[in-house]
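These notes are about the structure you will find just below.
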2 protein chains.
Amino acid sequence: MKNKKERLQLILSLVNKNSIGSQHELAQLLKENGCDVTQATLSRDLKSMKITKVATNDGGYMYIIPDNNRLQDSMLMSGRQSMTAHQQVGFISINISGNIAVIKTRNGYAAGLAYDIDMSHSNEVLGTIAGADTVFAIMREDISHDEALKFFARFIPIDDAHL
Amino acid sequence: MKNKKERLQLILSLVNKNSIGSQHELAQLLKENGCDVTQATLSRDLKSMKITKVATNDGGYMYIIPDNNRLQDSMLMSGRQSMTAHQQVGFISINISGNIAVIKTRNGYAAGLAYDIDMSHSNEVLGTIAGADTVFAIMREDISHDEALKFFARFIPIDDAHL
DNA sequence: AACCGAAACGAATAATTTTGCACATACATT
DNA sequence: AATGTATGTGCAAAATTATTCGTTTCGGTT
């Protein structure tokens with residue numbers, strides 16, 4: 001089982017990509033990703049991250065990360081504290097298509113992350129563009145997906161869900 | 001007892017002004033305002049208005065009306081409603097190159113269209129970024145151009161010129 | 001290493017929310 | 001008026017979520 005920080009990160013990513021209707025369902029998804037916890041823990045996790053269940057247009061419910069959710073920086077930082085701040089707060093998910101990496105962040109965090117990537121002056125990345133919650137990073141053509149993920153691990157916590 | 005429309009209105013205002021932690025609590029507030037309904041009805045009301053319970057900073061919960069939620073739409077529209085407004089106004093053209101869809105809109109409409117695409121949480125699209133009159137949307141690698149166009153037809157009026 | 005306090009967790013339970021069903025009401029059609 | 005359809009509601013069961021309590025784990029300290 002993973003530690004709490006990894007789990008919270010994984011939850012963010014899963015909630016963002018999937019339409020999860022209950023904590024039980026989330027527990028199963030987590031299990032598939034090698035994280036075995038009970039519903040009770042998820043209730044606490046979701047509460048701590050202010051993730052909430054809302055009605056969907058098709059009559060059901062799903063968990064979402066509310067837009068304006070300014071979580072305090074202290075939230076995810078229980079343990080070690082050595083990397084860039086994105087490790088703790090902003091990052092949600094990363095996906096790669098062709099030579100473009102698409103990084104999802106919490107609302108408002110994309111610009112800062114893009115800035116950090118730019119400032120690394122790495123030749124793996126040709127350039128970035130950031131919206132409010134998305135960063136596009138254009139990779140050099142000969143960089144493989146795996147290499148790209150390895151590279152971005154310098155900025156964001158990449159886990160099994162992405163590999 | 002008031003009719004449903006009045007009640008929904010009252011719920012909106014109560015939820016806005018108070019920190020309501022449960023449906024039972026809301027039921028009591030409503031009663032004080034001359035509206036006597038059961039908790040079951042409130043569950044349905046809140047669902048219909050997409051009002052949701054979120055964690056508060058002080059360890060409890062409260063109901064809120066999420067930010068981006070344009071509930072008037074679903075609430076008051078009795079008749080059939082056409083799709084998103086882009087169908088009528090903003091859209092100009094769409095072109096696809098590799099895994100990127102480039103959508104041109106009239107000036108100012110790109111952000112809204114990108115937002116709608118994002119909010120669909122479709123896994124066909126990894127992410128979008130919008131300028132004033134252009135949306136870039138990165139597609140998953142295995143999505144063909146045809147599939148992509150079919151997908152975007154949900155948001156914009158795609159005609160023979162594009163197929 | 002042994003100890004202490006805090007944080008994390010699961011099992012069980014409590015609390016809350018959601019929903020199936022039955023019934024009532026309103027409104028349109030025959 | 002009788003019928004049909006759609007909407008609204010309460011009741012009670014079912015489903016889901018939150019919390020209590022006891023135990024374990026993790027860091028830091030002696």
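Side-chain atoms are counted along with the backbone in the values below, which use heavy atoms only and exclude waters and symmetry mates.
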Residue closer to the 5' end of DNA chain D, B/G59 versus B/T38 (nearest nucleotide):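 Looking at DNA chain D, the more 5' nearest nucleotide goes with B/T38.
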Contact nearer the 5' end of DNA chain D, comparing B/G60 with B/Q39: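 This one resolves to B/Q39.
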Spacing between [X] atom [atom1] and [N] atom [atom2], to the nearest angstrom:
X: B/K5; N: D/dG8; atom1: NZ; atom2: P; value: 12 Å
X: B/L46; N: D/dT9; atom1: CG; atom2: P; value: 13 Å
X: A/Q23; N: C/dT16; atom1: CD; atom2: C1'; value: 12 Å
X: A/R7; N: D/dT25; atom1: CZ; atom2: P; value: 15 Å
X: B/I20; N: C/dA15; atom1: CD1; atom2: C1'; value: 18 Å
X: A/H24; N: C/dT16; atom1: NE2; atom2: P; value: 23 Å
X: B/K4; N: D/dT7; atom1: NZ; atom2: P; value: 9 Å
X: B/L30; N: D/dG8; atom1: CG; atom2: P; value: 16 Å

Below the 4.0 Å mark, does [N] have OP1 or OP2 next to a side-chain nitrogen or oxygen of [X]?
X: B/Y61; N: C/dT17; value: no
X: B/Y63; N: C/dT16; value: no
X: B/T41; N: D/dG10; value: yes

Donor-acceptor pair, side chain of A/T105 and main chain of A/A110, under 3.5 angstrom: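 Indeed, once roles are kept as given, a pair shorter than 3.5 Å links the two residues.
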Polar side-chain atom of A/T134 near backbone of A/G131 as donor-acceptor pair, under 3.5 Å: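 Checked: no pair found.
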Flag side-chain contact, heavy atom, 4.5 Å: B/I138 against A/F136: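 In short, these two side chains touch, coming nearer than 4.5 Å.
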Residue met sooner reading DNA chain C from 5', once B/K53 and B/R44 are mapped to nucleotides: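 Looking at DNA chain C, the more 5' nearest nucleotide goes with B/K53.
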From CE (B/M139) to CD1 (A/I100), nearest 0.5 Å: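 Here the rounded value is 12.0 Å.
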Candidates C/dT16, C/dT19, D/dT19 - which lies nearest the side chain of B/K47: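 Given the options C/dT16, C/dT19, D/dT19, the side chain of B/K47 is closest to C/dT19.
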Worked verdict on A/V135 versus A/I129 for side chain to side chain contact (heavy atoms under 4.5 Å, CB included): CA-CA 6 Å; A/V135 175; A/I129 295 185; over 6 Å; no
Sugar-phosphate only, base, or nothing, as touched by A/S43 at under 4.0 Å among non-hydrogen atoms: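 Base: the residue A/S43, judged by heavy atoms under 4.0 Å, touches a nucleobase.
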